[in-house]
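Worksheet for the structure shown next.
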Amino acid sequence: VQLQASGGGLVQAGGSLRLSCAASGRTFNYGHGCMGWFRQAPGKEREFVAAIRWSSRHTFYADSVKGRFTISRDSAKNTVYLQMNNLKPEDTAVYYCAAGAPILSQIMEQSGYGYWGQGTQVTVSS
């Protein structure tokens with residue numbers, strides 16, 4: 001399984017970016033199949049951002065991004081998207097997409113995902 005993330009870049013505070021993560025090698029359209037995004041800022045631990053159950057489209061968000069970020073998926077393209085609006089300097093980080101079949105209690109945990117993309121840098125200037 002390969003996860004290819006793209007869409008990062010430099011944007012001013014208040015701006016928007018859309019990240020994409022294309023999965024190849026298998027689909028996650030089953031049971032607990034899920035894809036999500038985590039991020040890691042310099043000197044900080046990797047943290048959960050958002051996730052979507054592939055079959056139900058049920059979404060999950062970190063409190064820090066609720067109302068600003070939207071996760072979605074395109075089954076035909078086996079791709080998940082993260083639309084990021086009203087970006088803040090504290091959103092600056094390397095964003096990683098992840099895939100797996102986490103149970104509900106693992107949705108926001110790195111341990112719930114067995115596949116990871118290479119990361120894409122998002123930088124928000126003030």
Side-chain angles (χ1 to χ4, degrees):
V1 177
Q2 286 191 328
L3 302 179
Q4 184 67 43
S6 62
L10 172 65
V11 65
Q12 289 187 333
S16 299
L17 282 174
R18 189 177 81 155
L19 305 183
S20 301
C21 179
S24 60
R26 68 170 295 175
T27 67
F28 296 90
N29 186 20
Y30 63 90
H32 293 304
C34 187
M35 290 184 71
W37 293 91
F38 288 73
R39 67 187 181 185
Q40 187 167 18
K44 295 187 177 181
E45 294 187 353
R46 192 173 299 187
E47 64 176 5
F48 171 79
V49 176
I52 184 168
R53 288 280 195 207
W54 201 264
S55 56
S56 69
R57 297 188 182 185
H58 194 104
T59 57
F60 305 83
Y61 295 96
D63 288 343
S64 59
V65 306
K66 281 181 182 177
R68 301 188 298 122
F69 291 11
T70 302
I71 189 169
S72 61
R73 59 96 168 129
D74 184 328
S75 291
K77 296 180 179 180
N78 215 24
T79 297
V80 66
Y81 303 98
L82 185 68
Q83 177 66 43
M84 306 185 294
N85 297 328
N86 191 21
L87 282 160
K88 303 176 180 180
E90 51 263 43
D91 294 318
T92 295
V94 177
Y95 284 69
Y96 297 90
C97 65
I103 58 176
L104 188 57
S105 62
Q106 295 177 313
I107 286 283
M108 299 184 180
E109 304 295 331
Q110 294 182 62
S111 59
Y113 301 83
Y115 305 99
W116 292 85
Q118 82 285 9
T120 184
Q121 176 71 46
V122 171
T123 303
V124 184
S125 63
S126 58

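What you see is a predicted model; the values in this text were computed from it and never measured. Atoms considered below: every heavy atom in the structure, side chains included; atoms not considered: hydrogens, waters and symmetry mates.
The 12-atom threshold is exceeded at CZ of Arg26, counting heavy atoms of other residues, nucleotides or ligands nearer than 6.0 Å. In this structure, Gln40 places its CD atom where more than 12 heavy-atom neighbours from other residues, nucleotides or ligands lie under 6.0 Å away.
We find the CD-CD distance between Glu109 and Glu47 to be 12.0 Å, quoted to the nearest 0.5 Å. Note that OG of Ser75 and CZ of Arg57 are 6.5 Å apart. Values are rounded to the nearest 0.5 Å. In this structure, CZ in Arg73 is found 15.5 Å from CG in Leu82, a value given to the nearest 0.5 Å. Interatomic distance, CZ of Phe28 versus CG of Leu3, reported as 6.0 Å (0.5 Å rounding). Rounded to the nearest 0.5 angstrom, Met84 CE and Ile71 CD1 are separated by 11.5 Å. The distance from atom CZ of Arg39 to atom CD of Glu90, rounded to the nearest 0.5 Å, is 8.0 Å.
In the hydrophobic clustering of ILVMFWY residues, with side-chain heavy atoms under 4.5 Å counting as a link, Ile107 and Val65 come out apart. No continuous path of ILVMFWY side-chain contacts below 4.5 Å connects Met108 to Val80, so the two sit in separate hydrophobic clusters. Grouping the Ile, Leu, Val, Met, Phe, Trp and Tyr side chains by contacts below 4.5 angstrom, directly or via other members, places Val94 apart from Leu17. With hydrophobic clusters built from ILVMFWY side chains whose heavy atoms lie under 4.5 angstrom apart, Trp54 does not share a cluster with Leu104.
Ser16 and Asn85 share a donor-acceptor pair across their side chains, judged by distance under 3.5 Å alone.
For Cys21, the disulfide bond (SG atoms under 2.5 Å apart) partners at least two apart in sequence or on another chain are Cys97. With sequence neighbours excluded, no residue satisfies salt bridge (charged side-chain N to carboxylate O under 4.0 Å, His left out) with Arg46. Under the ring pair (Phe, Tyr, Trp, His ring centres under 6.0 Å) criterion, Trp116 pairs with Phe38, not counting sequence neighbours. In this structure Tyr61 satisfies the ring pair (Phe, Tyr, Trp, His ring centres under 6.0 Å) test with no other residue, sequence neighbours excluded. Annotation: side chain to side chain donor-acceptor pair (under 3.5 Å) contacts of Thr123 (sequence neighbours excluded): Gln121.
Sequence neighbours left out, not one pair with a member in residues 80-105 passes ring pair (Phe, Tyr, Trp, His ring centres under 6.0 Å).
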Query raised in the report: For Phe48 and Trp37, what are the C-alpha separation, side-chain angles and deciding distance, and is it a side-chain contact (heavy atoms from CB on, under 4.5 Å)?
Result: CA-CA 6 Å; Phe48 171 79; Trp37 293 91; over 6 Å; no
Report task. Mind running side-chain contact (heavy atoms from CB on, under 4.5 Å) on Gln106 and His32 for me, showing each step along the way? Result -> CA-CA 11 Å; Gln106 295 177 313; His32 293 304; over 6 Å; no
Report task. Give the C-alpha distance, both sets of side-chain angles, the deciding distance and a yes or no for side-chain contact (heavy atoms from CB on, under 4.5 Å) between Leu19 and Thr120. Result -> CA-CA 8 Å; Leu19 305 183; Thr120 184; 4.0 Å; yes
Query raised in the report: Can you list the steps and then say if Leu87 with Phe69 is a side-chain contact (heavy atoms from CB on, under 4.5 Å)?
Result: CA-CA 9 Å; Leu87 282 160; Phe69 291 11; 3.8 Å; yes
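A donor-acceptor pair under 3.5 Å is absent between the side-chain atoms of Gln118 and the main chain of Gln4, judged by distance alone.
Heavy atoms only, all atoms of each residue included: Tyr113 and Gly36 are closest at CE2-N, 4.3 Å. Residues Ala13 and Ser126 come closest through the heavy atom pair CB-CA, 4.4 Å.
Between Lys88 and Asp91 no salt bridge is recorded (no basic side-chain N to carboxylate O distance below 4.0 Å).
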